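Some notes on the structure that comes next.
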Amino acid sequence: MLKKVNKIWVAVALAVLAGVGGGAWYYYSAQTARQAPKQETATVVKGQIISSVAATGTIKPVDSVDVSAEVSARIKEIKVKENDYVTAGQVLAVLDDKTLETTLEKAKYELNTKEATYRRMQSLHGIGAKSDADLESARLDYQTAAANYDEASSNVAKTTIVSPMSGMVLGEPVSIGTMVTTGVSNPTVIMMIGDVSKKQVKVKVDETDIGKVQVGQTATFTVDAYQNKTFSGTVTKIGQLSTSTTTLSPSSATSSSSSSSSSSSSSSTVIYYYVTLALDDPDNLLKVDMTARVTIKTGEKNEALLIPLSALKTNASGQYVAVLRDGGKTENVPVTVGLSSNEYVEVLDGVQAGDKLVVSFAKSTASTTATKSNSGPPPHL
């Protein structure tokens, strides 16, 4: 009887151990399955791809000119106002010419005096009373006085400012009484005249994209004033000189605001090139200096081999994709790429339509669960 009882207990113990072992194996297998990364794949397909370059620009008239004076004086009259249409040669403004008129009067008196002296010297020279040198000196004085008079007369004439072209007055002209100055580098601009019937967009394109842009490419753009309307244009000119913009990095901006004792800051300089677009605006909706958000189409191809951008990888040897082979194995295959868009890239060689590519590895369930379990509030101590 005792032996029979012992056998029963042994059988029970073995059953318990088997159950515990099976449960442990099942738990371990489940955890391993959860922790194993899941492969996300994509298929190589054929389709249309359009590559483009995005940039921001400003609406400008094709023909415009800053009107400034050729002499320094105060504004006495402004004969036009903003948005007025003017024609070439029309009087726009008049400068105060009192000082210049006084100079002209003095120059005229000097000219008359030197002319009389020269005529008298000619007569005396004719009878042998004056030498050739005396006659030459009188002639030089007369010619100098004539040049001074011509200059003074021209300056008085320049006090009347006329329009160099037909167009619209863009912006408010300067006020009466403003002192305008001349100069090559920074003359006073009295007003701007522009032909608003012909407009263009001047776009700043990043140096990393400028190589894709060519004259003749088409473009579309929007402006804030007409958000539901798309305008079109064509690339007509690509600038050869660069312009740069320097910006502070976010970290340096934060450190500068939080610590006044820090004198160092990091910044980055971005190089741009101006690209000019001729645009269509038959309804004359666009206004000068509106901001245009431009998309220039740089390439288009039908029946291209396409893969998601996330499937394209890079190593020291170049660009490649991870092709999923039979049996779940992957093979890194070098590829040559062509056009690219925001989501896809064209592959010129290395893969075929229908190939499965490994895009990325999904997070394991275990790590996701751990993250969730650690995301709650801290325990109470």
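Predicted model, so just to flag it, every value in this text is computed and none were measured. Side chains included, hydrogens not; waters and symmetry mates left out as well; all remaining heavy atoms used.
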Could you check whether any side-chain heavy atom of [X] comes within less than 4.5 Å of a side-chain heavy atom of [Y], counting everything from C-beta outward?
X      : Y      : result
Ile296 : Lys212 : no
Glu207 : Tyr272 : no
Arg293 : Phe221 : no
Leu135 : Lys130 : no
Thr103 : Asn155 : no
Met191 : Val174 : no
Ile75  : Ile161 : no
Lys79  : Leu92  : no

Heavy-atom count check: over 12 atoms from other residues, nucleotides or ligands less than 6.0 Å from [X] [atom1]?
X      : atom1 : result
Asn342 : CG    : no
Gln352 : CD    : no
Lys76  : NZ    : yes
Tyr320 : OH    : yes

Original post:
Can you find a side-chain donor-acceptor pair between Thr181 and Ser72 that sits under 3.5 Å?
Top reply: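 No, no side-chain donor-acceptor pair sits under 3.5 Å.
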
Original post:
For residues Ser153 and Asp150, is any side-chain donor paired with an opposing acceptor at under 3.5 Å?
Top reply: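 Distance-only check fails for Ser153 and Asp150.
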
Over all atoms of both residues, closest heavy-atom pair of [X] and [Y]:
X      : Y      : answer
Val213 : Gln217 : CA-OE1, 3.3 Å
Gln240 : Tyr273 : O-CE2, 3.7 Å
Thr222 : Lys229 : CG2-O, 3.7 Å

With clusters defined by side-chain heavy atoms of hydrophobic residues (ILVMFWY) lying less than 4.5 Å apart, directly or transitively, does [Y] cluster with [X]?
X      : Y      : answer
Ile193 : Val162 : no
Met290 : Val196 : no
Leu285 : Val201 : yes
Val203 : Ile271 : yes
Met165 : Val86  : yes

Subject >> Side-chain ion pair, Glu136 and Arg139, N-O less than 4.0 Å >> reply: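 Answer for the salt bridge query: yes.
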
Side-chain donor or acceptor of [X] paired with backbone N/O of [Y] under 3.5 Å:
X      : Y      : answer
Thr236 : Thr276 : yes
Lys313 : Val359 : yes
Ser137 : Ala133 : no
Asp209 : Asp206 : no

Subject >> Test side chain to side chain contact (heavy atoms under 4.5 Å, CB included) applied to Asn284 and Lys199, step by step >> reply: CA-CA 9 Å; Asn284 200 28; Lys199 305 185 189 79; 2.6 Å; yes

**OP:** Quick one: list whatever passes side-chain contact (heavy atoms from CB on, under 4.5 Å) with Asp349, sequence neighbours left out.
**Re:**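 If we apply the side-chain contact (heavy atoms from CB on, under 4.5 Å) test to Asp349, skipping adjacent residues, the hits are Thr336.
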
Original post:
Who pairs with Ala304 by side-chain contact (heavy atoms from CB on, under 4.5 Å), at least two apart in sequence or on another chain?
Top reply: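 side-chain contact (heavy atoms from CB on, under 4.5 Å) check on Ala304 returns Ile49, Lys301, Leu306, Glu346.
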
How long is the gap from [atom1] on [X] to [atom2] on [Y], to the nearest 0.5 Å?
X      : Y      : atom1 : atom2 : value
Thr102 : Asp97  : OG1   : CG    : 9.0 Å
Leu170 : Glu82  : CG    : CD    : 8.0 Å
Ile190 : Thr178 : CD1   : OG1   : 9.0 Å
Tyr149 : Lys106 : OH    : NZ    : 16.0 Å
Thr330 : Lys356 : OG1   : NZ    : 15.5 Å
Thr99  : Arg74  : OG1   : CZ    : 10.0 Å

**OP:** Check the angle between the aromatic planes of Tyr142 and Tyr118 and answer parallel, tilted or perpendicular using the 30° and 60° thresholds.
**Re:**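 Rings of Tyr142 and Tyr118: parallel, as their planes differ by under 30°.
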
Subject >> Residue pairs, two or more places apart or on separate chains, that pass side-chain hydrogen bond (donor to acceptor under 3.5 Å, both in side chains) and touch residues 159-176 >> reply: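 For residues 159-176, and leaving out neighbouring residues, there are no side-chain hydrogen bond (donor to acceptor under 3.5 Å, both in side chains) pairs at all.
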
**OP:** Quick one: do His125 and Asp134 satisfy side chain to side chain contact (heavy atoms under 4.5 Å, CB included)? Show the steps, please.
**Re:** CA-CA 8 Å; His125 180 269; Asp134 292 334; over 6 Å; no

Subject >> From CA spacing to verdict: side chain to side chain donor-acceptor pair (under 3.5 Å), Thr144, Asp141 >> reply: CA-CA 5 Å; Thr144 301; Asp141 290 343; 5.5 Å; no

**OP:** Applying side chain to side chain contact (heavy atoms under 4.5 Å, CB included), run through Val71 and Val156 and close with a yes or a no.
**Re:** CA-CA 9 Å; Val71 292; Val156 171; over 6 Å; no

Side-chain donor-acceptor distances from residues 107-115 under 3.5 Å, at least two apart:
unit_1 : atom_1 : unit_2 : atom_2 : d
Asn112 : ND2    : Lys108 : O      : 3.3
Thr113 : OG1    : Tyr109 : O      : 3.0

Table please: side-chain donor-acceptor pairs of residues 50-70 below 3.5 Å, with sequence neighbours left out.
unit_1 : atom_1 : unit_2 : atom_2 : d
Ser51  : OG     : Thr298 : OG1    : 3.0
Ser51  : OG     : Gly299 : N      : 3.2
Lys60  : NZ     : Asp289 : OD1    : 2.6

**OP:** Output the rest of the hydrophobic cluster of Val345: all Ile, Leu, Val, Met, Phe, Trp and Tyr residues reachable through side-chain heavy-atom contacts under 4.5 Å, sorted by chain and number.
**Re:**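 Val345 shares its hydrophobic cluster with Val44, Leu305, Ile307, Leu309, Leu312, Val321, Val323, Val333, Val335, Val337, Val347, Val351, Leu357.
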
**OP:** Tell me, with the steps shown, if Lys204 and Tyr274 meet side chain to side chain contact (heavy atoms under 4.5 Å, CB included).
**Re:** CA-CA 5 Å; Lys204 292 171 67 173; Tyr274 281 111; 3.4 Å; yes

